[in-house]
Each structure stands twice: as structure tokens, then as C-alpha cells.
Colleague: 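Next up is a structure, given as C-alpha cells.
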Amino acid sequence: MNDLQIAEQLQAGYGLFAPIRAHFRGPGVERGGCPRHGMHAVYAKKYGEHLATIYPGISSIGVESSFEANQLPAIMAALAALRDVLLANLAHRIVEYAQASKPYILPAYLRSIELALEHFAKRYPEQLAALDAVFCVAGGEGFRDLIVFHGGHLLEQAKAGALWTNIDMYSLVDLHDRQTAEGLQKFEVWCLGGDLAKAVLAEFQKAALMLVTQGWQPQPLTKELALLPVDLNRHFGQMVRNLLHTALAHYVLG
């Protein structure tokens with residue numbers, strides 16, 4: 001792809017996701033709003049005929065997305081590209097980065113994500129507007145949870161030989177209420193990056209196992225967290241936004 005084609009796609013993507021940037025301007029913005037017709041709610045399947053007992057007055061659960069139908073193909077393409085960039089030799093790269101932060105592992109997890117995002121910007125600049133939209137909605141939260149909540153005890157688990165716990169499917173579904181013309185209704189918003197999150201966690205686990213075989217010892221989580229940005233969600237979101245602005249300046253405005 002030449003620079004002109006990159007500029008055209010990047011500019012088109014920037015316009016396509018302008019509503020996402022305008023709506024998701026900070027924490028606490030409710031996700032969803034775009035119906036996903038034909039999709040079956042996982043909570044409805046979980047509770048079956050007991051749904052109305054669990055949620056009185058609710059007879060069904062709708063499925064929504066934060067993205068319109070015409071935005072979803074670009075979102076899924078960006079997630080596939082991020083998976084391609086991020087997962088390549090991820091566990092080995094984490095072990096390599098960890099040498100600079102020894103004996104702490106969380107900074108290595110963080111660095112692996114940061115460098116993958118930088119690599120994405122170089123390899124797929126035309127998709128940066130879509131990736132920025134992902135991080136507007138929930139991408140930063142997802143990577144924060146992978147590093148802090150899931151990654152925080154991996155060395156300890158690896159040393160103890162404990163069985164790994166995977167990401168629970170229901171933690172990838174945002175269930176919320178909304179008042180409609182028909183009354184109070186419940187809606188699900190699915191995490192589109194759920195499969196990627198599970199794959200990244202598996203690589204985090206492999207890295208923890210390799211480090212334990214090298215004699216690494218778990219460190220207090222408070223000391224690990226002190227080496228990370230205070231707000232990882234904001235950190236990742238701002239990083240991707242900066243990469244987007246740099247690409248726009250180079251390909252579109254330059």
C-alpha cells in the first residue's frame with residue numbers, strides 16, 4: 001500500500017469513527033446503543049426459563065454493540081491486525097523485556113503492549129482510526145485488566161504449579177439496564193476483543209513459566225503496581241490517540 005492509499009483509508013477511517021470519538025470522551029460512558037439483530041444474549045441462554053425469576057419484569061435481553069454496522073468491519077480488521085502484531089513471539093519478548101525490570105514482571109507486560117502498539121502504527125497506519133475507536137470504548141480497560149488483575153499473580157501461580165484460570169466469558173459481557181418505550185429492558189454489549197484477550201493472557205502465562213524456570217520470585221503486588229502508570233486505561237488511550245495524530249500529520253496533513 002502506497003502513501004496515497006494509506007492517506008485515503010486513514011482519512012476515511014477518521015471520519016467514520018468521529019461519532020465514537022465524540023461520544024466516548026471519558027470514563028463512565030455507557031456502552032452499546034447499536035442493536036445487533038439476530039444475536040442471542042448469553043445471559044438469556046444461561047438462565048433460560050428462569051430469566052424472569054432472576055430479573056423480575058424482564059422477559060428478554062437484547063444484544064447491542066457500541067459500533068454501527070458500517071463500522072464493525074473496520075473494527076474487526078483492526079483487531080485482527082493487532083492480534084497479528086501483538087502475539088508474535090509475545091512470551092519470549094516479555095522474558096526479554098523483563099531483564100530491564102527484574103525482579104518485577106508487570107512492567108514487562110506493559111512494555112510488550114506498548115511496543116506492539118507502536119509496531120501496529122508502523123505496519124498498519126491506515127487502521128489507526130479504527131484502533132483508536134477500540135481504545136475509546138474499552139481497549140485500554142481490557143489491557144489494564146490483563147496486566148493488573150490477571151497478570152498480577154502469574155509468577156506466584158507458576159511457582160506454585162497452580163492451574164491457570166482463564167478469562168470468564170461473562171466478564172467479557174457488559175449487562176446494563178435502559179428505560180425504553182416498552183419499559184425497563186436489559187441489554188448485553190459483548191467485548192469484541194475477547195478472543196484476543198484470552199490469547200494474550202496465555203502468552204503472559206507462558207512468560208511467567210519461563211521466568212520461574214530462570215529462578216524469578218514473585219514480588220509484592222504493591223511494588224509491582226508502583227512501577228506502572230497510575231491510570232493504565234488513560235495511558236493506553238492517550239498513546240493510541242498520539243499515534244493516530246502522528247499518522248494523520250504524516251500521511252494526510254503532510
Side-chain angles (χ1 to χ4, degrees), residues 76-128 130-132 134-135 138-162 164-167 191-219 221 223-229 231-244 246-247:
M76 300 310 295
L79 287 172
L82 181 59
R83 182 187 183 97
D84 179 52
V85 168
L86 180 56
L87 293 183
N89 299 313
L90 178 56
H92 292 278
R93 287 188 287 114
I94 291 169
V95 172
E96 178 184 342
Y97 305 148
Q99 304 312 312
S101 61
K102 191 173 183 177
Y104 303 106
I105 190 174
L106 293 195
Y109 290 149
L110 171 62
R111 192 61 183 144
S112 71
I113 304 301
E114 291 174 334
L115 291 178
L117 293 174
E118 292 174 1
H119 188 193
F120 181 101
K122 294 176 181 177
R123 188 170 175 182
Y124 301 104
E126 74 281 1
Q127 298 194 46
L128 277 168
L131 187 68
D132 177 70
V134 170
F135 278 79
E141 293 179 18
F143 281 115
R144 175 203 63 197
D145 291 351
L146 278 170
I147 293 170
V148 176
F149 301 118
H150 295 288
H153 298 286
L154 289 181
L155 273 181
E156 182 180 346
Q157 293 174 350
K159 187 172 178 60
W164 301 118
T165 56
N166 211 329
I167 301 174
C191 172
L192 298 178
D195 289 341
L196 175 60
K198 292 176 181 179
V200 171
L201 179 58
E203 292 298 305
F204 280 11
Q205 292 167 344
K206 291 178 186 177
L209 281 170
M210 286 190 280
L211 289 172
V212 164
T213 62
Q214 295 177 14
W216 278 53
Q217 299 293 326
Q219 301 299 312
L221 187 57
K223 292 186 177 181
E224 292 267 15
L225 294 177
L227 299 174
L228 304 180
D231 187 342
L232 275 176
N233 180 27
R234 181 179 179 84
H235 172 76
F236 284 124
Q238 191 59 59
M239 180 180 180
V240 174
R241 180 61 54 85
N242 290 343
L243 292 170
L244 171 61
T246 299

Colleague: Any idea which heavy atoms bring Leu87 and Ala199 closest together, and the distance?
Modeller: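 Looks like CD1-CB, 3.6 Å.
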
Colleague: Looking at every non-hydrogen atom in both residues, tell me the closest pair between Ala197 and Leu146 and how far apart they are.
Modeller: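 Closest approach of Ala197 to Leu146: O-CD2, 3.5 Å.
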
Colleague: Please identify each residue that fulfils side chain to side chain donor-acceptor pair (under 3.5 Å) with Glu203, with sequence neighbours left out.
Modeller: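 Checked Glu203 against side chain to side chain donor-acceptor pair (under 3.5 Å); matches are Lys206.
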
Colleague: Please identify each residue that fulfils side chain to side chain donor-acceptor pair (under 3.5 Å) with Arg83, with sequence neighbours left out.
Modeller: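 Applying side chain to side chain donor-acceptor pair (under 3.5 Å) to Arg83 gives none.
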
Colleague: Using side-chain contact (heavy atoms from CB on, under 4.5 Å) as the criterion, list what pairs up with Pro103, not counting sequence neighbours.
Modeller: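 Scan of Pro103 (side-chain contact (heavy atoms from CB on, under 4.5 Å), adjacent residues dropped) gives Gln219.
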
Colleague: Find out whether Leu232 and Leu110 are in side-chain contact, i.e. whether some heavy atom of one side chain is under 4.5 Å from a heavy atom of the other.
Modeller: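 Leu232 reaches Leu110 side chain to side chain.
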
Colleague: Specify the closest pair of heavy atoms between Val85 and Ala116, including all atoms of both residues, with the distance to one decimal.
Modeller: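 That would be CG1-O, 3.3 Å.
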
Colleague: Working to the nearest 0.5 angstrom, can you tell me the gap between Leu211 CG and Ile105 CD1?
Modeller: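 Spacing of CG (Leu211) from CD1 (Ile105) equals 5.0 Å.
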
Colleague: Any donor-acceptor pair under 3.5 Å linking the side chain of Gln205 with the backbone of Leu154?
Modeller: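 Here the side-chain-to-backbone pair does not exist.
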
Colleague: Test: salt bridge (charged side-chain N to carboxylate O under 4.0 Å, His left out). Region: residues 145-157. Which pairs qualify, not counting sequence neighbours?
Modeller: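 Pairs touching residues 145-157 that pass the test: none.
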
Colleague: Quick one: side-chain hydrogen bond (donor to acceptor under 3.5 Å, both in side chains) pairs with a partner in residues 116-128, sequence neighbours left out?
Modeller: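 Residue pairs passing side-chain hydrogen bond (donor to acceptor under 3.5 Å, both in side chains), neighbours aside: Asp84-Arg123, Asp84-Tyr124.
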
Colleague: Ring pair (Phe, Tyr, Trp, His ring centres under 6.0 Å) with Phe204: which residues, sequence neighbours excluded?
Modeller: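 With sequence neighbours excluded, Phe204 shows a ring pair (Phe, Tyr, Trp, His ring centres under 6.0 Å) to Tyr109, given in chain and number order.
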
Colleague: Who pairs with Ala158 by side-chain contact (heavy atoms from CB on, under 4.5 Å), at least two apart in sequence or on another chain?
Modeller: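 By the side-chain contact (heavy atoms from CB on, under 4.5 Å) rule, Ala158 matches Trp164, Ala208, Leu209, Val212.
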
Colleague: Given the rule in the side-chain contact (heavy atoms from CB on, under 4.5 Å) test, do Leu106 and Leu227 qualify, once you have shown the distances and angles that lead to the verdict?
Modeller: CA-CA 8 Å; Leu106 293 195; Leu227 299 174; over 6 Å; no

Colleague: Suppose we screen for side chain to side chain donor-acceptor pair (under 3.5 Å). Which residues come up paired with Arg111, at least two apart in sequence or across chains?
Modeller: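 Scan of Arg111 (side chain to side chain donor-acceptor pair (under 3.5 Å), adjacent residues dropped) gives Glu114.
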
Colleague: Can you confirm whether Leu117 sits close enough to Leu82 that some side-chain heavy atom of one is under 4.5 Å from a side-chain heavy atom of the other?
Modeller: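 Side-chain contact under 4.5 Å: yes.
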
Colleague: Identify each donor-acceptor pair in which a side-chain atom of residues 236-244 lies under 3.5 Å from a protein atom, sequence neighbours left out, and give them as a table.
Modeller:
residue, atom, partner, partner atom, Å
Gln238, NE2, Asn242, OD1, 2.9
Arg241, NE, Asp132, OD1, 2.8
Arg241, NE, Asp132, OD2, 3.3
Arg241, NH2, Asp132, OD1, 3.4
Arg241, NH2, Asp132, OD2, 3.1
Asn242, ND2, Gln238, O, 3.3

Colleague: I'd like to check the side-chain contact (heavy atoms from CB on, under 4.5 Å) partners of Arg234; sequence neighbours left out, ordered by chain and number.
Modeller: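 Arg234 satisfies side-chain contact (heavy atoms from CB on, under 4.5 Å) with Asp231 only.
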
Colleague: Which heavy atom of Ala247 sits nearest to which heavy atom of Leu128, and what is that distance?
Modeller: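 So the minimum-distance heavy-atom pair works out to CB-CD1, 3.5 Å.
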
Colleague: Give every residue pair that meets the side-chain hydrogen bond (donor to acceptor under 3.5 Å, both in side chains) criterion with at least one member in residues 92-103, sequence neighbours excluded.
Modeller: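 Pairs touching residues 92-103 that pass the test: none.
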
Colleague: The criterion is ring pair (Phe, Tyr, Trp, His ring centres under 6.0 Å); which residues satisfy it with Tyr104, sequence neighbours excluded?
Modeller: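 Scan of Tyr104 (ring pair (Phe, Tyr, Trp, His ring centres under 6.0 Å), adjacent residues dropped) gives none.
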
Colleague: Provide the closest heavy-atom pair for Ile113 versus Leu86 in the form atom of the first, atom of the second, distance.
Modeller: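 That would be CD1-CD1, 3.8 Å.
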
Colleague: Give the minimum heavy-atom separation between Val95 and Ala207, together with the two atoms involved.
Modeller: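 For Val95 versus Ala207, the nearest heavy atoms are CG2-O, 3.9 Å.
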
